[in-house]
Amino acid sequence: GLAQYQIAKGAKGITVQKLGEAEVMADAGIRDMLLTFNVVGRQKVERLAALANRSDIAVVADNHDMIEGLSAAGRLSARNISVLVECDTGAGRNGVQSPAATLELARAIDKSAYLSFVGLMTYAGTGQRLQAASFLEEARALLEKSGLEVRVISSGGSPDMWKDEGLSKLTEYRAGT
């Protein structure tokens, strides 16, 4: 209900952490989702493929090992899956550790069958949005210089959701539901 309320109030889509959450949202008719936790294993790849057939789900990857499974999900669903590179911009959670590593992973995604590199994602630590913005801007410049289009720069996090510093370069900000 809360996700549908947010969309009715103008949210473009929602962020989910797990496949189970995405499946519930798809069952409720929500199509635009960003899944921010890695998809690992045959069963989860198959579930992602099924979700891709009934939603516009995008996923994140923070390492090269993820690419094979995501590509398999795309093949099973017979469509490209949109992938954002997850960047660790200071929170110490998940993500590539540098703008150079971002470029390397984005190139690998771009070359993979059934995947479309679409952009960057981070979950900045509380009070670290300016640091995150600097990382993302440097990564974006490297990617675009190499010929890769960055269509989405996504961030989120409820603790800083009422502050606007560091948001000027984002294309979307997704607070949790």
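We're numbering straight along the sequence, starting at 1.
Contact detail for Asp62 and Gly95: the closest heavy-atom pair is OD2-N, 3.4 Å. Counting all heavy atoms, side chain and backbone alike, Leu105 lies closest to Ala61 at CD2-O, 3.5 Å. Considering every non-hydrogen atom in both Thr102 and Cys87, the closest pair reads OG1-SG, 3.8 Å. Across all their heavy atoms, Ser77 and Ala49 have their closest contact at CB-O, 3.4 Å. Of all heavy-atom pairs between Arg47 and Gly20, the closest is NH2-N, 3.3 Å.
Remark: Leu143 CG to Arg140 CZ distance equals 9.5 Å, nearest 0.5 Å. Of the inter-residue distances, the one linking Leu148 atom CG with Asp110 atom CG reads 5.0 Å to the nearest 0.5 angstrom. Annotation: the span from Met121 atom CE to Leu136 atom CG amounts to 10.5 Å, rounded to 0.5 Å. Note that CG of Leu35 is 12.5 Å distant from OG of Ser82, once rounded to the nearest 0.5 Å. Note that NZ of Lys111 is 13.5 Å distant from CZ of Phe117, once rounded to the nearest 0.5 Å. Once rounded to the nearest 0.5 Å, the distance linking CD1 of Ile7 with CE of Met25 reads 8.5 Å.
Evaluation of the side-chain hydrogen bond (donor to acceptor under 3.5 Å, both in side chains) rule for Asn80 yields Ser116 as partners, not counting sequence neighbours. Every residue two or more places apart in sequence or in another chain that forms a side-chain hydrogen bond (donor to acceptor under 3.5 Å, both in side chains) with Asp27 is listed here: Arg54. Residues satisfying the side-chain hydrogen bond (donor to acceptor under 3.5 Å, both in side chains) criterion with Glu138, sequence neighbours excluded, are absent altogether. Every residue was checked against the side-chain hydrogen bond (donor to acceptor under 3.5 Å, both in side chains) condition with Asn94, not counting sequence neighbours, and none meets it. Not counting sequence neighbours, the partners of Glu46 by the salt bridge (Lys or Arg N to Asp or Glu O under 4.0 Å) test are Arg42. Residues satisfying the salt bridge (Lys or Arg N to Asp or Glu O under 4.0 Å) test with Arg31, not counting sequence neighbours, are Asp56.
Between Glu86 and Thr36 the shortest side-chain heavy-atom distance does not fall below 4.5 Å. With contacts defined as side-chain heavy-atom distances shorter than 4.5 Å, the pair Val40/Met66 qualifies.
Leu84 pairs in a side chain to side chain contact (heavy atoms under 4.5 Å, CB included) with only one of the listed residues (Thr122, Leu120, Leu34, Val150), which is Leu34.
Side-chain contact annotation: Ser71 with Ser112, donor-acceptor N/O pair under 3.5 Å absent.
Remark: side-chain polar atoms of Gln4 are paired, donor with acceptor, to backbone N or O of Ala28 under 3.5 angstrom. Here the side chain of Arg75 pairs no donor or acceptor atom with the backbone of Tyr114 at under 3.5 angstrom.
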